[in-house]
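Written below as structure tokens is the structure these notes are about.
Fair warning: this is a prediction, and the values are worked out from it, not measured in the lab.
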Amino acid sequence: MKSLKAAVVVAGSVALVGAAAPAFASTAHDLPPMSLNGGLASIAEHPPTVQDLMPLQHQSDALDTENKDSVLSTVKDATTTLNKPGLLGGLPLS
């Protein structure tokens, strides 16, 4: 019986929140064009600029192995450490 009461309380609170939340309607000009003609008209009105076509002007250094702060350098150091012979589960093999 307690689980049934808990389910009723949860359902009631969800219904209360749903009824109290305001509804928002979007206008037609906020929506993107959904047809080929609408897309072409949108591009004709606002042609793309060079910044739109090439947003990344800087190459990332995240995969640089020479940079000690890069992710790939950290992975390389970890695999080098793990591949060193001599330990099995933290214990020496000899």
- Query: How long is the span from the CG atom in Leu36 to the CG atom in Leu40, to the nearest 0.5 Å?
  - Reply: 4.5 Å

- Query: Can you tell if the side chain of Asn67 reaches within under 4.5 Å of the side chain of Ser73, non-hydrogen atoms only?
  - Reply: no

- Query: Ala44 and Pro47: which non-hydrogen atoms are nearest, and at how many Å?
  - Reply: O-CD, 4.1 Å

- So, the side chain of Thr80 versus the backbone of Lys76: is there a donor-acceptor pair under 3.5 Å, distance only? yes

